[in-house]
Amino acid sequence: MKKNFNRLKVVLIEQKRTNRWLADQLNKDEATISKWCTSTSRPSLETLFAIAKVLGMQVQDIIEKR
């Protein structure tokens, strides 16, 4: 069974946000955000906290399903 580690794409959809919006907020390339959303790569811990802050969430809400 594959663990649902990355909920970033779901969270963006729930908040009606786009990859481009998040990229602009974090000053990152949109392709990087896409890789995070598809779990092709993962953000650093520091960036993960920045993502959570921008989205108004806790880190655990982005990385695990409650």
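This structure is a prediction, so every number in the text was calculated from the model and none was measured. If you read the sequence from its start, that first residue is 1, and numbering goes on from there.
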Supply the atom-to-atom distance I33 CD1 to T38 OG1, rounded to the nearest 0.5 angstrom.
11.0 Å
Side chain to side chain contact (heavy atoms under 4.5 Å, CB included), that's the test. Do L22 and R17 meet it? Break it down for me.
CA-CA 7 Å; L22 186 58; R17 304 288 188 180; over 6 Å; no
To the closest 0.5 Å, what do you measure between CZ (R42) and OG1 (T47)?
14.0 Å
Nearest non-hydrogen partners of S34 and N19, listed with the distance:
CA-ND2, 3.7 Å
Quick one: does any side-chain atom of R7 pair with a main-chain N or O of D61 as donor and acceptor, under 3.5 Å?
yes
Identify whether L8 and I13 are in the same connected component of the hydrophobic contact network (ILVMFWY, side-chain heavy atoms under 4.5 Å).
no
So which heavy atom on L12 is nearest to which on T18, and how close?
CD2-O, 4.3 Å
Side chain to side chain contact (heavy atoms under 4.5 Å, CB included) between I51 and V54: does it pass, once the steps are laid out?
CA-CA 5 Å; I51 293 167; V54 166; 5.9 Å; no
Calculate, to the nearest 0.5 Å, the distance between atoms CZ and CG belonging to R20 and D29 respectively.
10.5 Å
With the threshold set at 4.0 Å, does a side-chain nitrogen-carboxylate oxygen contact exist between K35 and E30?
no
Between K28 and W36, does the side chain to side chain contact (heavy atoms under 4.5 Å, CB included) criterion hold? Intermediate values first, please.
CA-CA 11 Å; K28 299 283 185 185; W36 295 343; 4.3 Å; yes
Do the side chain of Q58 and the main chain of A52 share a donor and acceptor less than 3.5 angstrom apart?
no
What's the separation between atom NZ in K9 and atom CD in E14, rounded to the nearest 0.5 Å?
13.0 Å
What closest approach, in Å, do L55 and Q15 show between heavy atoms, and which atom pair accounts for it?
O-NE2, 3.0 Å
